[in-house]
> 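Following this message is one structure expressed as structure tokens.
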Amino acid sequence: MTYSLPPGLPMLGRLDGSEESVVELLTGFIRDQSHRIGITKAVLGLSGGIDSALSAALAAKSLGPENVTAIVMPYATSNPQSEKDAQEVAKHLGIQLLKVDITPMVDAYFRGRPEASPLRRGNKMARERMTILYDHSAELKALVVGTSNKTEILLGYGTQFGDLASAMNPIGDLYKLQVYALARHLRIPKSVLEKAPSADLWEGQTDEEELGFSYDVADQVLYRLVDQRFSLEELEALGFHRTLLNLIEHRLRTSHYKRKPPIIAKVNRRTVGRDFLYSRDWGT
Amino acid sequence: MKDFTLALAQMSPKLGLVSDNVHRVLELAEEAAKAGAHLAVFPELCLTGYFLRDLAHDVAMSPGDALLSPLYKMSRRLDLVVSFVEESAEGFPHISAAYLSGGSLVHVHRKVYLPTYGMFEDARFYAHGKSLGAFQTPLGRMALLICEDFWHPNLSYLAALDGAQMILCPASSPARIPEKPGFASANWLKKLTTMLAGTYGLYVAYANRVGFEDGVGFSGDSHVVCPDGTVQAEAALLREDLILTPISGEAVRRQRRTLPLLRDEDPHLIQREMARILNKGDQP
């Protein structure tokens with residue numbers, strides 16, 4: 001079933017004239033997070049998709065293109081166009097692009113595990129990429145910049161400790177439509193703006209087929225549900241299909257563990273993450 | 001109200017580092033004094049940073065603390081409004097702002113309304129202030145409200161009734177919700193400052209901070225509203241700034257001739273109806 005937006009529904013979450021201020025906020029964020037701990041460089045995975053393209057553009061604008069290293073990390077079954085798109089983005093931004101083929105590492109692990117599902121393989125690839133980024137972080141004295149947007153974080157559409165891991169994520173509070181708006185504002189290449197979102201973890205995979213609904217629809221549900229605290233009943237009254245709402249609510253609730261640090265059982269008076277409360281920027 | 005030059009120092013305090021912040025305040029006060037300012041207003045918790053959480057107790061001090069001596073000394077050159085965590089005689093921390101003039105403490109205001117919802121948790125760490133009143137300074141009769149205090153129009157009302165001709169509002173307001181030209185949070189606040197200034201015929205000096213703590217960016221957009229409700233000076237959005245603007249006692253008198261709402265206020269009615277409403281208890 002294809003879920004569409006209720007006719008006449010106002011589109012919420014649009015940036016409409018505030019793009020420059022949002023860019024200034026996000027570039028200030030990247031600069032501040034880095035400089036306050038004496039770091040001047042950033043590293044991130046460039047997939048050829050729009051989210052990492054935007055993160056890369058923001059990092060380049062904040063720290064200077066010469067201080068940003070992007071890494072494209074294809075697997076044997078990755079769409080070859082992705083790598084070309086990553087090259088185009090890097091060229092457009094003037095940032096260095098490294099390539100690390102993850103096929104040998106991933107295949108070595110799954111040799112002797114032929115029964116492993118596509119999900120397991122996909123997660124292993126995501127975590128392999130994370131370890132490569134963190135190793136480069138140490139080597140280059142650079143911070144790993146995150147590339148997950150708010151819509152996929154809320155839907156749990158990401159690998160815990162994989163692509164969801166980063167030192168700082170400038171786009172993690174941007175809905176997908178806001179990612180597009182900022183990417184257009186920053187003149188990200190058209191080919192990247194126009195392609196169908198995909199995690200590219202197996203051939204032909206697209207986000208919207210896997211999720212069962214489009215990002216346009218998800219954004220309008222999630223913006224109201226999360227940012228405006230509408231109830232599901234109110235959303236149904238607005239014209240959203242009950243099955244769609246149940247799908248989204250289910251994903252939102254059951255993926256919450258991916259958005260929290262590991263859970264610790266409370267025993268003593270002051271427990272880490274509960275009543276031992278200091279800002280992450282403590283001491284910086 | 002005398003005619004004088006007012007400065008708003010839009011700075012980014014360092015979290016938990018009081019000495020560093022005192023030093024920065026002195027630098028900016030010196031700059032303001034050299035440029036001809038008679039009063040410089042600094043943001044909420046300019047001496048400590050905002051998201052202190054469990055650090056609040058560690059940085060709490062009395063208004064007479066030795067760390068503040070250089071600020072008292074500077075107040076011989078120009079009046080200062082600075083904000084810090086005040087430890088009361090009972091040992092409880094407050095978010096406070098002090099008016100310093102001629103080497104002495106003129107007035108301390110303890111933040112009354114502590115936002116404890118959404119991203120804010122002030123009441124988790126601080127005690128509520130229990131009073132609000134105007135006070136006499138060498139430059140005129142003024143009142144101090146801190147950030148959230150200003151979001152409750154009733155405190156501006158009290159200040160106006162108590163004879164304040166200028167409300168000083170140090171703030172630490174985060175930038176949130178993109179809305180042309182910048183953020184809805186700043187836009188809403190400006191609606192409040194302009195409306196209340198024009199209604200009561202007084203100056204509003206709103207001194208917000210900038211910088212980042214734990215990924216939250218503070219919007220800046222400090223501004224001065226004159227008694228006719230128009231913005232006469234504004235600082236940058238999201239960036240450090242120092243703005244100076246002339247204040248005129250005649251502007252207060254002129255607005256009150258044109259729109260004498262304050263003259264026609266009936267505080268006895270308010271008192272009667274307030275007593276009635278408070279005595280209602282559970283009755284309909």
Side-chain angles (χ1 to χ4, degrees), chain A residues 11-37 58 62 143 145-146 150 166-175 177-179 181-182 185 223 226-229 269-284, chain B residues 10 12-18 20 45 48-59 93 116-126 172-188 209-221 236-241:
Chain A
M11 292 296 104
L12 300 185
R14 296 171 62 115
L15 296 182
D16 284 355
S18 65
E19 289 85 351
E20 198 48 48
S21 298
V22 176
V23 167
E24 192 164 350
L25 181 73
L26 298 179
T27 51
F29 164 75
I30 292 172
R31 220 175 358 250
D32 180 85
Q33 276 303 125
S34 313
H35 292 175
R36 74 192 304 144
I37 55 169
L58 291 168
S62 316
L143 288 181
V145 176
K150 185 171 187 169
S166 71
M168 55 168 159
N169 184 352
I171 69 167
D173 200 23
L174 297 179
Y175 288 97
L177 76 141
Q178 297 172 329
V179 169
L182 286 185
H185 181 75
Y223 191 91
V226 171
D227 273 70
Q228 298 195 317
R229 310 200 70 162
R269 185 191 299 266
R270 279 178 91 201
T271 306
V272 165
R274 187 167 295 279
D275 31 25
F276 176 76
L277 298 168
Y278 296 89
S279 286
R280 189 195 157 104
D281 291 337
W282 187 21
T284 65
Chain B
Q10 184 165 284
S12 172
K14 293 186 184 172
L15 189 64
L17 302 176
V18 179
D20 284 21
L45 295 180
T48 61
Y50 183 66
F51 287 110
L52 292 161
R53 311 180 85 195
D54 281 346
L55 266 185
H57 275 285
D58 295 357
V59 299
T116 309
Y117 51 81
M119 67 184 292
F120 301 107
E121 39 181 14
D122 280 12
R124 190 173 188 173
F125 300 102
Y126 303 100
S172 284
S173 185
R176 59 233 191 251
I177 312 169
E179 181 188 80
K180 190 176 173 168
F183 299 95
S185 52
N187 296 341
W188 177 274
R209 62 162 290 182
V210 291
F212 290 82
E213 284 175 12
D214 273 21
V216 172
F218 295 90
S219 47
D221 196 32
L237 196 63
L238 299 170
R239 270 174 280 133
E240 289 202 306
D241 205 351

> Please list, chain by chain and in numerical order, all residues satisfying ring-ring contact (aromatic ring centres under 6.0 Å, His included) with Y223(A), sequence neighbours excluded.
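By the ring-ring contact (aromatic ring centres under 6.0 Å, His included) rule, Y223(A) matches Y175(A).
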> Quick one: sort the Y278(A) and W282(A) rings into parallel, tilted or perpendicular, breaks at 30° and 60°.
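Answer is parallel, since the angle falls under 30°.
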> Quick check on Q33(A) against chain B: is it the side chain, the backbone, both or neither that has a heavy atom closer than 4.5 Å?
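The answer is the side chain of Q33(A).
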> Do you know the tightest heavy-atom contact between L45(B) and Y126(B)?
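It is CD1-OH, 4.3 Å.
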> Report the residues that fulfil ring-ring contact (aromatic ring centres under 6.0 Å, His included) with F183(B), sequence neighbours left out, ordered by chain and then residue number.
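Result, ring-ring contact (aromatic ring centres under 6.0 Å, His included) vs F183(B): none returned.
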> Heavy-atom pairs under 4.5 Å with chain A: which of V216(B), D214(B), L238(B) has the most?
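Option with the greatest count: D214(B).
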> Select, from S219(B), G215(B), G16(B), A175(B), the one with the greatest count of heavy-atom pairs under 4.5 Å involving chain A.
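That would be G215(B).
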> Which one wins on heavy-atom pair count under 4.5 Å against chain B: L25(A), D173(A), V22(A)?
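Result: the option with the highest number of such pairs is L25(A).
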> Please look at D32(A) and chain B and tell me whether the side chain, the backbone, both or neither of the residue comes under 4.5 angstrom of a heavy atom of that chain.
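Just its side chain gets close to chain B.
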> Has R31(A) got a side-chain atom pairing as donor or acceptor with S62(A)'s backbone, closer than 3.5 angstrom?
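Side chain of R31(A) to backbone of S62(A), a donor-acceptor pair under 3.5 Å: yes, one is there.
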